[in-house]
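Each remark here refers to the structure printed beneath this line.
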Amino acid sequence: MGKLAERLADAQRSGVYRLESTQALEEAAALNGFALARIALEGMPRSALCGIAADVLSRRSDGQVLLFSGGEALSRAAPDALDRLIAQIHAAATAHREVGLRFFAAFLDPAAALSLAPLYHWQRSAAVRAA
């Protein structure tokens, strides 16, 4: 099992992260038998963001992986809305972690513009595989 798959298997690592590419996340989620929910934020009205946050907060199942795209565009258009969404998702990740459930949210962010920790370092991972 790869390092990212091991991370997803650890409930204590549950959280909100950024990533530059989706391929490794898709593979790691599949290795763990987790469904990957894709959520496109581009062009989404603010009212819909509240609905996403409420849905995320209400989920209480193990092995959730959410992949958000369009976060960088939303951060330019409505930074306060994105900040609130991330804060609510952080709260959900903390609640899941506290009861031993695995919950990961990742924002596709190739430019590393969002102030989130990286889920993994794909360049380092690619260099290790090439060696």
Side-chain angles (χ1 to χ4, degrees):
M1 184 181 292
K3 295 277 185 196
L4 183 53
E6 289 173 7
R7 176 174 289 191
L8 294 182
D10 183 358
Q12 292 304 308
R13 304 294 297 266
S14 293
V16 183
Y17 301 93
R18 65 177 169 79
L19 51 82
E20 298 169 350
S21 172
T22 63
Q23 182 179 358
L25 178 62
E26 292 165 345
E27 292 171 4
L31 282 170
N32 281 298
F34 299 163
L36 180 67
R38 297 172 186 272
I39 303 164
L41 299 174
E42 293 178 70
M44 186 176 290
R46 286 186 185 200
S47 59
L49 291 175
C50 294
I52 289 172
D55 180 51
V56 167
L57 290 169
S58 70
R59 297 179 187 205
R60 286 285 185 217
S61 60
D62 192 28
Q64 294 185 62
V65 181
L66 308 177
L67 175 58
F68 291 89
S69 62
E72 59 283 338
L74 183 59
S75 72
R76 287 190 301 274
D80 57 325
L82 180 62
D83 290 344
R84 279 194 305 276
L85 177 62
I86 289 173
Q88 291 170 324
I89 296 169
H90 266 296
T94 299
H96 282 77
R97 183 173 48 248
E98 288 174 349
V99 295
L101 298 175
R102 297 164 293 181
F103 177 95
F104 294 85
F107 284 79
L108 181 58
D109 183 22
L114 302 177
S115 59
L116 295 169
L119 181 58
Y120 69 99
H121 298 283
W122 72 271
Q123 290 175 327
R124 187 180 319 152
S125 298
V128 169
R129 283 193 302 268

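All values reported here derive from a predicted model rather than from experimental measurement.
Of the possible donor and acceptor atoms, none in the side chain of Arg7 sits under 3.5 Å from a partner among the backbone N and O of Arg13. Between the side chain of His96 and the backbone N or O of Ala92, at least one donor-acceptor pair lies under 3.5 Å. Under the 3.5 Å distance criterion, the side-chain polar atoms of Asn32 are matched with a main-chain donor or acceptor of Ala28.
Between Ser69 and Ala40, the shortest heavy-atom distance links the atoms OG-CA, 3.5 Å. Taking every heavy atom of both residues into account, Asp10 and Phe104 meet most closely at O-CZ, 3.7 Å. Closest of all the heavy-atom pairs between Ala106 and Leu25 is CB-CD2, 4.0 Å. Leu8 approaches Arg102 most closely through the heavy-atom pair O-CD, 3.4 Å. Of all heavy-atom pairs spanning Ser75 and Leu82, the tightest one is CB-CD2, 3.4 Å. Taking every heavy atom of both residues into account, Tyr120 and Ser21 meet most closely at OH-O, 3.1 Å.
In this structure, OG on Ser14 lies 8.0 Å from CG on Asp62, to the nearest 0.5 angstrom. Within the model, atoms CZ of Phe68 and CD of Glu42 stand 13.5 Å from one another, a figure rounded to the nearest 0.5 Å. Rounding to the nearest 0.5 Å gives a distance of 8.0 Å between CG of Leu85 and CD1 of Ile39.
Grouping the Ile, Leu, Val, Met, Phe, Trp and Tyr side chains by contacts below 4.5 angstrom, directly or via other members, places Ile89 apart from Leu101.
Arg84 is not listed as a side-chain neighbour of Leu49, based on a closest heavy-atom distance of 4.5 Å or more. Taking 4.5 Å as the limit, every side-chain heavy atom of Leu36 sits out of range of all side-chain heavy atoms of Thr22. Taking the side chain as every heavy atom from C-beta outward, Leu41 and Phe107 approach each other to under 4.5 Å. Using a 4.5 Å heavy-atom threshold, the side chains of Tyr17 and Pro118 count as separate.
Put simply, the residue from Asp109, Leu19, Val16 that forms a side-chain contact (heavy atoms from CB on, under 4.5 Å) with Leu116 is Val16.
A salt bridge is defined here as a Lys NZ or Arg NE, NH1 or NH2 lying under 4.0 Å from an Asp or Glu carboxylate O, and Glu72 with Arg18 fails to meet this definition.
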